[in-house]
Every structure is written in C-alpha cells, then in structure tokens.
K.L.:
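Please read through the structure below; I'll follow up with questions.
All ligand and atom numbering here is 1-based and tracks the order in the structure.
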Amino acid sequence: MSSDGKSSQKSFGNKPFILFLCFFRYTYECLVDTAKYLSDKVPFKPKVGIICGSGLGSLADAIENRIEFPYEKIPNFPLSTVEGHVGQLVFGYLSNVPVVCMQGRFHYYEGYPLWKCAMPVRVMKLLGITHLIASNAAGGLNKDYKVGDIMIVKDHINLMGFAGNNPLQGPNDDRFGPRFPPMNRAYDKELIEKAKVIAKEVGLGDIVHEGVYTCLGGPNFETVAELRMLGMLGVDAVGMSTVHEVITARHSNITVFAFSLITNLCVTEYHKNDEANHDEVIDVGKMRQKELTKFVQGVVKYVADENKLVSKML
Ligand SMILES: O=P(O)(O)O[C@@H]1C[C@H](O)[C@@H](CO)O1
Ligand SMILES: Nc1nc2[nH]cnc2c(=O)[nH]1
C-alpha cells in the first residue's frame, strides 16, 4: 500500500456501481468488499498466504481450526473449473501460524484474464498477509530433473508478459503498489536457502533443485520445438500459472517463496512418444503430498519465527 493511501483512481461512493465495475476490473474498493466479506467471518488476521497447485490441494488438509469458503460463496471471486483444484479458500493455522490457503487456483486457459487469476493475492494482501507461498505442478525441462522432484523457484521468465499480457496492465492503483514494480528480487533469497535445509529435514533433500520457471497460457502442453526453445532460454520447469500471482504479490510488497512439483518430463526429442497428461500430474501430487505438507509446514514455521508473526491457536 502506498504510505499516503492516496490513489490515482477515483473512488466511487455507491456500492452497486462498484460491484458493476468489478466485472471489468477489480478496483481497490471492489477487493476491499471481498476482503471485508471474509474478515467479518474470520476471527484472526492471516499472515501467510498459500496457493495450492494442481493436485497439491492436500497441502491445505493440514490446516487446523479451519474456516472454509467455497469460491462460489465469495463475492467477486472466479470459480475453479479444473480437476485437481478443490475451489475453496481455507483459513486456519499451520504450524501454529495464521494462514489463508487457496485450495485451487485460477488459470488463463480457463478464460480468466491474468488480473482475474491473480486477484486472490490482492484480497490476501488486504486480509493482512506479509508472505506468499505459491506451489504449482510443472513439466521438468532441466535434464537433471526426475518426476516427483521439487524445484524451488529462484526466478521466472514472464513469457506471457513479453506480449504485454500482464496482471498489472491498465490503470495502476497506488494503494496496491507502484506503477513500475521491480522484479529482479521477486523470490526471497533467504527463504530459498532456508527451504533447502527444511527440504533435507523432511527427507526431500536429494530431490530438491533450484531453477527458473516459466508460465505459458496453456491449456495444451508444449511441442518439442517450443520446449527446445525454452531450454535455450534457460527455463528449467514449464507451467501455466504462478508468474502472474508472483508479479501481483511483489507489486504489493509481499515476500514470495514458490516451488514446482515436477509432474512430468518435457519431451524434447521427436522420436519419443511420451505425452503429458493431467491425470498423471494429479497422481504425482498425491504421491508427494505427505512430504510436501511437512515441507510447507516447515517454511511457514520459519517465516513466522523469523518475522515474529503472531502465532497462537485461538
Ligand atoms: O495450477 P498449476 O500450475 O499447478 O497446474 C499445472 C498447469 C495446468 O493447470 C496443469 C496441467 O496438468 O498443471
Ligand atoms: N505448461 C506446462 N504446464 C505443466 N503442468 C504440469 N506439467 C506441465 C507441462 O509439461 N507444461
């Protein structure tokens, strides 16, 4: 939020007009409405936001003292339409830390513009989060990766942004963040280093990598030529999400940690006949759910201890 709280946007007094506007662009007032609907029903302020990727919804199952809001009940929220995405916002405690978790996310290929896909990040900011943990299922492009490995995201290539498709497109509201936010420190270096230690502690040590993620629009998986090009660009894992959520989070000065579960190996040879499919993506998520839950719990605990976030059960 800008210090003076001033905005370059006009604010409209009457509510019906605000809600009408929400169909075209999530104004600050519209998202305040959404956040207020939730905060009126949740007796604590979440400090860490979590986004569960495809097949990773089980990360939310460990949340205690939960309060669940199906997306269709939340004003102005889109709906999750993809298998492997439950479609609810879960408030509660993880490692005794107050959290809010998206059990299911939104994707560009579902027909939502990027600003709509990333709107829950702004709602979570308005609810009080200071840190975001984003997870996703991704294809492994780096030759060292195997199915079931974890890639901690050290950076991303905003491929969709190269064509100007960006969640921050359009008028900027200074109450969220600056017109031109820097992205060279998008992924918190300290959290990355600590996460590697935590990964070892939960038995993931020898399957954890650090790499570059990119998001394509989808819904198709990539061709051989596309993957070869991405490999030449230095991409280690390929997905269809996360980048626009991270850009939106960094715009609002949220500290970000993100990781990919490698659910399939990208096919970069014409003689190979393997084909990626969503069922396999979901299955790999199920295979890894126990260790990943412990991993995320460890990262959340570290964030709370390091930042002295309020951590008490109700
Ligand atoms: O939501 P994420 O990015 O984890 O899901 C990935 C991308 C597609 O939605 C899906 C394809 O199987 O996995
Ligand atoms: N774009 C993309 N997203 C994925 N999500 C899981 N696997 C893949 C993949 O191979 N490509």
Side-chain angles (χ1 to χ4, degrees), residues 49-60 71 78-88 101-112 114 116-118 120-121 132-143 145-153 156-160 165 167 211-231 233 235-248 256-269 272-289 292 296:
I50 301 167
I51 301 177
C52 297
S54 284
L56 299 174
S58 58
L59 296 177
Y71 291 157
L79 301 179
S80 272
T81 66
V82 180
E83 191 204 340
H85 290 262
V86 173
Q88 64 179 3
C101 177
M102 284 179 69
Q103 204 170 19
R105 60 143 58 90
F106 311 116
H107 305 87
Y108 189 70
Y109 61 75
E110 294 178 75
Y112 300 125
L114 293 181
K116 193 165 263 195
C117 295
V121 172
L132 177 71
I133 298 174
S135 67
N136 63 62
L141 192 50
N142 185 304
K143 299 296 176 216
Y145 295 3
K146 296 183 299 306
V147 170
D149 284 6
I150 309 296
M151 184 192 81
I152 293 172
V153 180
H156 69 233
I157 293 179
N158 179 16
L159 216 49
M160 296 174 73
N165 194 353
V212 175
Y213 174 89
T214 197
C215 166
L216 275 74
N220 60 281
F221 294 108
E222 293 68 37
T223 68
V224 170
E226 287 163 347
L227 290 168
R228 285 182 173 182
M229 183 197 87
L230 293 172
L233 293 175
V235 171
D236 295 296
V238 195
M240 301 180 197
S241 69
T242 308
V243 168
H244 35 280
E245 292 146 334
V246 169
I247 289 170
T248 305
V256 168
F257 174 75
F259 68 90
S260 300
L261 173 62
I262 303 303
T263 55
N264 55 291
L265 298 185
C266 295
V267 179
T268 55
E269 300 298 334
K272 285 190 177 173
N273 296 320
D274 310 285
E275 286 186 332
N277 73 75
H278 191 57
D279 290 342
E280 272 176 21
V281 168
I282 304 288
D283 290 346
V284 177
K286 286 185 184 136
M287 176 185 82
R288 280 281 182 237
Q289 68 183 39
L292 287 182
V296 170

K.L.:
Is the count of non-hydrogen atoms from other residues, nucleotides or ligands lying under 6.0 Å from Phe221 atom CZ greater than 12?
P.N.:
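Enclosed: over 12 neighbouring heavy atoms sit under 6.0 Å from CZ of Phe221.
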K.L.:
Would you say that Ile262 contacts Asn142 through its side chain, given a criterion of any heavy-atom pair below 4.5 Å between the two side chains?
P.N.:
no
K.L.:
Return the closest protein heavy atom for atom 8 (C) of ligand 1 as residue, atom name and distance.
P.N.:
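Of every protein heavy atom, Tyr109 OH, 3.5 Å lies nearest to atom 8 (C) of ligand 1.
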K.L.:
Identify, for atom 5 (O) of ligand 1, the protein heavy atom at the shortest distance, and state residue, atom and that distance.
P.N.:
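In this structure, atom 5 (O) of ligand 1 has Ser54 OG, 2.7 Å as its nearest protein heavy atom.
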K.L.:
Polar-atom distance check: Tyr213 versus ligand 1, any N or O pair below 3.5 Å?
P.N.:
no
K.L.:
May I ask you to test the Thr214-Leu141 pair for a side-chain heavy-atom distance under 4.5 Å?
P.N.:
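Side chain of Thr214 against side chain of Leu141, heavy atoms only: no contact under 4.5 Å found.
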K.L.:
Using the six-membered ring wherever Trp is involved, compare the ring planes of Tyr109 and His107 and label them parallel, tilted or perpendicular (cut-offs 30° and 60°).
P.N.:
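Correct class here is parallel.
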K.L.:
May I ask you to decide if Ser58's main-chain N or O and Gln289's side chain share a donor-acceptor pair within less than 3.5 Å?
P.N.:
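Looks like no, no N/O pair under 3.5 Å.
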K.L.:
Are the side chains of His156 and Cys215 in contact, using a 4.5 Å heavy-atom criterion?
P.N.:
no
K.L.:
Provide the number and element of each atom of ligand 1 under 4.0 Å from a heavy atom of Phe221.
P.N.:
11 (C), 12 (O)
K.L.:
Around atom 7 (C) of ligand 1, find the nearest protein heavy atom and jot down its residue, atom name and distance.
P.N.:
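So the nearest neighbour among protein heavy atoms is Met240 CB, 3.7 Å.
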K.L.:
Is His107 close to ligand 1, meaning an N/O of one under 3.5 Å from an N/O of the other?
P.N.:
yes
K.L.:
Starting from atom 6 (C) of ligand 1, find the nearest protein heavy-atom neighbour and note its residue, name and distance.
P.N.:
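Protein heavy atom at minimum distance: Ala137 O, 3.4 Å.
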K.L.:
Within a distance under 4.0 Å of any heavy atom of Gly53, pick out the atoms of ligand 1 and give their elements.
P.N.:
4 (O)
K.L.:
Nearest to atom 11 (C) of ligand 1, what protein heavy atom do you find, and at what distance?
P.N.:
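It is His278 ND1, 3.5 Å.
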K.L.:
Who's touching ligand 2 if we go heavy atoms under 4.0 Å?
P.N.:
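Heavy-atom contacts below 4.0 Å: Ala137, Ala138, Gly139, Phe221, Glu222, Val238, Gly239, Met240, Thr263, Asn264, Val281.
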K.L.:
Looking at Ser135, is its backbone amide N or carbonyl O close enough to the side chain of Arg105 to form a donor-acceptor pair, meaning the two atoms are under 3.5 Å apart?
P.N.:
yes
K.L.:
Contact between His278 and Val82 at the side-chain level, heavy atoms closer than 4.5 Å - yes or no?
P.N.:
yes
K.L.:
So is Arg105 polar-close to ligand 1, meaning N/O to N/O under 3.5 Å?
P.N.:
yes
K.L.:
Roughly how far apart are Leu292 CG and Leu59 CG, rounded to 0.5 Å?
P.N.:
6.0 Å
K.L.:
How does Asn136 reach ligand 1, if at all, at less than 4.0 Å between non-hydrogen atoms: by side chain, backbone, both, or neither?
P.N.:
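Contact part for Asn136 vs ligand 1: both backbone and side chain.
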K.L.:
Without swapping roles, check the side chain of Gln103 against the backbone of Gln88 for a donor-acceptor pair under 3.5 Å.
P.N.:
no
K.L.:
Could you check whether the rings of Phe106 and Tyr112 sit parallel, tilted or perpendicular, using 30° and 60° as the cut-offs?
P.N.:
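Geometry flag for Tyr112 against Phe106: perpendicular rings.
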K.L.:
What about Gly239: any of its N or O atoms under 3.5 Å from an N or O on ligand 1?
P.N.:
no
K.L.:
Going by atom types alone, do Asn136 and Thr242 pair a side-chain donor with an acceptor below 3.5 Å?
P.N.:
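Yes, a side-chain donor-acceptor pair sits under 3.5 Å.
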K.L.:
Look at atom 3 (O) of ligand 1 and say which protein heavy atom is nearest, naming residue and atom and giving the distance to 0.1 Å.
P.N.:
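The protein heavy atom lying closest is Ser241 OG, 2.6 Å.
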